[in-house]
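What you see is a predicted model, and the numbers here were worked out from it, not measured in a lab.
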Amino acid sequence: MAKSTTIKEALVKWEEKSGQKAAEAKEVKLYAQIPPIEKMDASLYTLVNCEKLSLSTNCIEKIANLNGLKNLRILSLGRNNIKNLNGLEAVGDSLEELWISYNQIEKLKGINVMKKLKILYMSNNLVKEWGEFVKLADLPCLADLVFVGNPLEEKHSAEGNWSEEATRRLPKLKKLDGNPIIKQEEEEGE
C-alpha cells in the first residue's frame, strides 16, 4: 500500500497547481489527496493567513496542529476518520464554520471551545444521545446545524419528533438540517 501524503507534500502540490504561496493564501484546499493525508502535521503552522482550509476526503483520524491558524474561519474535515473533536482549542476564537460530516464522532466533548461557531455540518456521524447533542447549546453563535444521518436524528425522525425535540434543546437555531426554523411565537406575532 502507498504511504500517506504529508501536509507538507500536499502544500507543495497545492502551490504548484494554484500558483500561490501557502503562507500567503486565504483559502487552501488539500482535499482528496492521493494517497490520502492521514495526519494533520506541524506543516499547518505555515498557513498563517488561511481563512478557509479544506482537508476533507482524506484519512485523518485526529484534529491537530491548528495553533498557527489564527485567521481560520472555515474548516472542512468531512469524509475522514475523525472520532472526536479534541484539538479545536487553537481555533476556538476564530472558527465560524466547521464541516465535519461523514466521520465517526460519537461524543461532542471539546465543541464548547467554539466561541464564534455559526455553522456546524456534522451529518452522518455516530451521535446517539441527547446528552451529547445538548452540548451544542453552549455555543453562543450556533445558528445553522446539519445533523441528519446521526443515530439520534434517525431514531427521532422515525418517531416523527426530531425537529421539535432538537429545536427545543437548541432554541437559538435558525436552521436545522437545511430547513429554516419557524418559531411559534414568531408566527403568532405576525
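- Checking side-chain atoms of D144 against main-chain N and O of K118 turns up no donor-acceptor pair under 3.5 Å.
- Taking 4.0 Å as the cut-off between side-chain N and carboxylate O, R73 and E96 count as a salt-bridged pair.
- Within a 6.0 Å radius of NZ in K52, no more than 12 heavy atoms belonging to other residues, nucleotides or ligands are found.
- With hydrophobic clusters built from ILVMFWY side chains whose heavy atoms lie under 4.5 angstrom apart, L117 shares a cluster with L173.
- The local environment of NZ in K174 is sparse, with at most 12 non-hydrogen atoms from other residues, nucleotides or ligands closer than 6.0 Å.
- Contact detail for K135 and G131: the closest heavy-atom pair is CG-O, 3.9 Å.
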> Can you check side chain to side chain contact (heavy atoms under 4.5 Å, CB included) on L66 and L95, steps first, answer last?
Replying inline: CA-CA 11 Å; L66 295 173; L95 205 65; over 6 Å; no

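- Side chain of S94 to main chain of L72: a donor-acceptor pair is present (N/O by atom type, distance under 3.5 Å, no hydrogens or angles).
- Using a 4.5 Å heavy-atom cutoff, the side chains of L77 and M40 are in contact.
- Between L85 and V113, every side-chain heavy-atom pair lies at or beyond the 4.5 Å cut-off.
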>> For I37 and N80: C-alpha separation, side-chain torsions, deciding distance, then whether side chain to side chain contact (heavy atoms under 4.5 Å, CB included) applies.
In response: CA-CA 9 Å; I37 295 169; N80 275 290; over 6 Å; no

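- Both I60 and L30 are members of a single hydrophobic cluster when ILVMFWY side chains are connected at heavy-atom separations under 4.5 Å.
- Under the 4.5 Å side-chain criterion, counting only non-hydrogen atoms from C-beta, I100 is in contact with L120.
- Summarising the geometry, atom CG belonging to L145 is positioned 11.5 Å from atom NZ belonging to K175; distances are rounded to the nearest 0.5 Å.
- How far CG of L139 is from NZ of K116: 14.5 Å, rounded to the nearest 0.5 Å.
- By the rule that hydrophobic residues join a cluster once side-chain heavy atoms approach within less than 4.5 Å of another member, V91 and Y121 end up as members of separate clusters.
- Between K155 and E159, at least one side-chain nitrogen of the basic residue sits less than 4.0 Å from a carboxylate oxygen of the acidic one, meeting the salt-bridge criterion.
- The CG atom of N86 lies 10.5 Å from the CD1 atom of I111; values are rounded to the nearest 0.5 Å.
- Here the straight-line distance linking atom CD of E106 with atom CG of N150 works out to 10.5 Å at 0.5 Å rounding.
- Side-chain heavy atoms closer than 4.5 Å link hydrophobic residues (I, L, V, M, F, W, Y) into clusters, and following such links, possibly through other members, connects W99 to V148.
- In this structure, K115 and C141 approach most closely via the heavy-atom pair O-SG, 3.5 Å.
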>> Please determine whether side chain to side chain contact (heavy atoms under 4.5 Å, CB included) holds for the pair I7 and N65, giving the CA-CA distance in whole Å, both sets of side-chain angles, and the decisive distance to 0.1 Å.
In response: CA-CA 11 Å; I7 296 283; N65 290 307; over 6 Å; no

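- Under a cut-off of 6.0 angstrom, the local environment of NZ in K39 is sparse, with at most 12 non-hydrogen atoms contributed by other residues, nucleotides or ligands.
- When every heavy atom of N103 is checked against every heavy atom of N81, the shortest pair comes out as OD1-N, 3.3 Å.
- With salt bridges taken as basic N to acidic carboxylate O contacts below 4.0 Å, one links E165 and R169.
- Under the side-chain hydrogen bond (donor to acceptor under 3.5 Å, both in side chains) criterion, S157 pairs with E153, not counting sequence neighbours.
- Using modelled atom types, one side-chain atom of S101 and one backbone atom of S123 make a donor-acceptor pair closer than 3.5 Å.
- No more than 12 heavy atoms of other residues, nucleotides or ligands lie within 6.0 Å of NZ in K21, so this atom counts as exposed by the packing criterion.
- Residue M114 holds its CE atom at 11.5 Å from CG of L142, rounded to the nearest 0.5 Å.
- Note: the hydrophobic cluster containing L176 also contains L108 (ILVMFWY, side chain heavy atoms under 4.5 Å, direct or indirect links).
- Panel note: side chain E9, backbone T6; a donor-acceptor pair is recorded below 3.5 Å.
- Looking at every heavy atom in both residues, E27 comes nearest to W14 through O-CZ2, 3.2 Å.
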> Stepwise, does the side chain to side chain contact (heavy atoms under 4.5 Å, CB included) test hold for L69 with L75?
Replying inline: CA-CA 10 Å; L69 286 82; L75 178 59; over 6 Å; no

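- S4 OG to I34 CD1: the interatomic distance, rounded to the nearest 0.5 Å, is 13.5 Å.
- Other residues, nucleotides and ligands contribute more than 12 heavy atoms inside 6.0 Å of the NZ atom of K13.
- For W162, the ring-ring contact (aromatic ring centres under 6.0 Å, His included) partners at least two apart in sequence or on another chain are W130, F133, F147.
- Between L170 and A137, the shortest heavy-atom contact is CD2-N, 3.3 Å.
- When each of N84, I82, L126 is checked for a side chain to side chain contact (heavy atoms under 4.5 Å, CB included) with I105, only I82 meets the rule.
- P151 and V127 get closest at one heavy-atom pair: CD-O, 3.2 Å.
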